[in-house]
Amino acid sequence: MRTLLRTTAVLASGLCAAALATVPVPASASTGGAVPLGRRTLPANDGWAAATTGTTGGSAADDAHVYTVTNRKELVAALAGGDATPKIIYVKGVIDGNTDDTGAKLGCDDYAVDGYTLPAYLAAYDPAVWGRDTEPSGPLEDARAASSARQTARIRPKVGSNTTIAGLGHAVIKGLNLHVDKADNVIIRNIAFQDAYDCFPQWDPTDGDEGNWNSLYDNISVTGSTHVWADHNSFDDGANPDSAQPLYFGRPYQVHDGELDITNGSNLATVSWNRFAGHDKTMLIGSTNNPATDSGKLNVTVHHNVFDTILQRAPRVRFGQVHVYDNFYNVPAGAGYVYSFGVGVQSKVYAEENYFRLGQGVGADQIIYNWGGTAIHATGTLVTSGATTRRVDILSAHNATHDPDLTGDVGWTPTLHTKVDPAVLVPLTVPLLAGAGRLR
Ligand code: CA
Ligand code: CA
């Protein structure tokens with residue numbers, strides 16, 4: 001322990017040519033400053049997205065298919081170019097999804113139709129009135145769905161194949177859900193995604209023991225897609241965090257879904273050097289227990305990301321062979337932490353050399369949560385708790401306080417990856433280098 005802490009102090013004191021020299025250089029640097037951001041490709045072996053054909057996005061675009069977009073209308077027009085033609089879309093400045101074609105802000109009232117208001121919805125489906133046995137139906141639920149469809153049409157553009165979306169400088173996309181759907185070969189880099197809020201959350205009294213409010217929009221949804229690289233992005237809810245939402249019917253009025261969800265038979269994705277912050281359900285890999293959709297798919301690599309004040313799903317996995325390494329987790333006390341690694345049905349998470357800073361009262365036995373899986377490989381986990389930093393066997397910690405026990409044998413060993421750094425380097429490097437606004 002003493003040796004470890006001294007090593008940490010020495011490394012931190014310089015920050016540190018020694019540490020940086022042993023850290024995998026971000027792809028932006030390894031491919032050289034002379035190559036424009038939009039023309040850079042996923043490095044060889046950099047996670048599951050490097051499998052088979054690799055991931056080149058729109059890097060081969062001809063000059064006619066290189067766009068710089070500054071508002072929602074321009075972004076949607078650039079995305080509409082079809083699957084076959086490589087395209088590079090540079091995002092400049094702040095793009096707000098909830099705007100009309102003149103750029104004017106749209107509020108939730110602008111989408112509402114057929115008499116939907118939140119007070120009317122709350123009155124109609126109050127458990128004291130509606131009960132808890134069936135999902136809402138009838139005119140107000142129909143009005144909610146119709147209103148929701150109007151918001152979806154505005155803020156959920158599809159991203160097709162052979163596309164690179166890259167932020168210039170400090171680019172922001174807020175109130176928008178990029179939907180990578182049935183696409184192959186997509187790169188999304190250097191963008192700060194904020195607050196993809198749903199104006200029309202749906203109450204479901206049958207979801208869980210107490211019911212739940214469910215929302216539609218992730219910042220990025222990847223469905224039925226392959227070869228996706230999300231790198232050096234930031235994800236948060238801006239001035240509208242989950243923690244600030246009211247309770248209705250005793251449950252949090254949840255206006256966000258995931259930050260980056262990978263579902264519906266998607267496969268071969270690399271999620272690297274991103275910063276996820278201040279959010280509840282963050283990264284869902286697999287949304288159904290039905291093996292017909294996802295068995296043999298959902299293979300994802302998650303490395304060198306920051307998960308700061310994330311309550312759950314970092315990630316939550318079903319089916320996939322998911323390599324989770326060198327990530328930085330900050331779990332403050334009193335924030336409502338649930339878990340980080342969700343072990344779902346037939347999931348095969350291989351976690352190694354991750355670093356956790358746990359606040360007072362947060363136990364290392366909370367890091368893993370069993371959602372119906374049987375196994376997780378978790379080695380090299382470094383945990384700081386109070387003044388102590390030590391290696392923790394988080395699988396044993398989980399098994400000591402939960403039943404049934406999980407095993408450590410997930411039946412595979414990752415081969416597609418960049419250098420796996422010792423976890424002691426993670427707190428020194430990843431918070432400095434992860435997130436948007438750092439690539440040029
Ligand atoms: Ca989602
Ligand atoms: Ca046990």
Side-chain angles (χ1 to χ4, degrees), residues 97 148 151-152 155-159 175-183 188 193-202 204 207-208 212-225 228 230 233 235-237 242 252 254-266 269 271 274 276 279-290 293-294 297-298 300 302 310-320 322 338-339 341-344 363-376 378 392-409:
S148 173
Q151 189 183 19
T152 297
I155 73 161
R156 200 170 197 231
K158 288 193 178 182
V159 179
L176 193 124
N177 178 182
L178 285 181
H179 186 194
V180 182
D181 184 43
K182 301 180 186 69
I188 302 172
F193 290 93
Q194 297 175 355
D195 192 16
Y197 63 91
D198 190 337
C199 288
F200 308 99
Q202 183 178 31
D204 181 355
D207 181 348
N212 273 312
W213 290 96
N214 290 310
S215 277
L216 279 182
Y217 309 122
D218 311 316
N219 296 100
I220 300 175
S221 307
V222 179
T223 58
S225 295
V228 176
N233 302 292
F235 298 84
D236 65 43
D237 295 319
D242 289 339
Q254 179 56 266
V255 299
H256 304 111
D257 195 36
E259 293 194 316
L260 171 53
D261 284 1
I262 300 170
T263 64
N264 297 67
S266 293
V271 178
N274 300 284
F276 301 90
H279 197 83
D280 185 355
K281 299 173 179 177
T282 294
M283 191 188 308
L284 181 65
I285 301 176
S287 60
T288 168
N289 289 342
N290 179 0
T293 310
D294 294 321
K297 301 177 182 173
L298 298 174
V300 178
V302 180
I310 295 301
L311 304 192
Q312 56 184 318
R313 301 186 181 175
R316 173 178 173 175
V317 180
R318 294 174 169 100
F319 298 103
V322 174
V338 188
Y339 66 91
F341 302 151
V343 180
D365 62 336
Q366 292 175 256
I367 292 172
I368 295 170
Y369 192 94
N370 184 356
W371 287 105
T374 59
I376 179 172
V392 175
D393 179 348
I394 59 171
L395 175 57
S396 292
H398 170 86
N399 286 340
T401 57
H402 298 80
D403 292 312
D405 287 3
L406 297 166
T407 78
D409 180 7

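Atoms within each ligand, like the ligands themselves, are counted from 1 in listed order.
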For Asp261, what is the atom name of its N, O or S atom nearest to the Ca ion (ligand 1)?
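Among the N, O or S atoms of Asp261, the one closest to the Ca ion (ligand 1) is OD2.
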Asp257 atom (N/O/S) at minimal separation from the Ca ion (ligand 1):
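Asp257's closest N, O or S atom to the Ca ion (ligand 1) is named OD2.
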Relative to the Ca ion (ligand 2), which of the N, O or S atoms in [X] is the closest?
X: Asp405; answer: OD1
X: Asp403; answer: OD1
X: His402; answer: O

Strictly distance-based, threshold 3.5 Å: is any side-chain N or O of His279 a donor or acceptor partner for the main-chain N or O of Asp257?
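Between the backbone of Asp257 and the side chain of His279 there is a qualifying donor-acceptor contact (under 3.5 Å).
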Is the ring pair His402/His398 parallel, tilted or perpendicular, if the boundaries are 30 and 60 degrees?
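Taking His398 first and then His402, their aromatic rings lie parallel (interplane angle under 30°).
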Does Thr401 put an N, O or S atom under 3.0 Å from the Ca ion (ligand 2)?
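False for Thr401.
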If the test is side-chain contact (heavy atoms from CB on, under 4.5 Å), which one of Val180, Asp261, Val159 qualifies with Val222?
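With Val222 as partner, side-chain contact (heavy atoms from CB on, under 4.5 Å) holds for just one option, Val180.
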Please report the interatomic distance CZ(Arg318) to OG1(Thr288), rounded to the nearest 0.5 Å.
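Arg318 CZ to Thr288 OG1: 6.5 Å, rounded to 0.5 Å.
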Would you give the length of the straight line joining atom CG of Asn219 to atom CG of Leu178, rounded to the nearest 0.5 angstrom?
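Here the rounded value is 8.5 Å.
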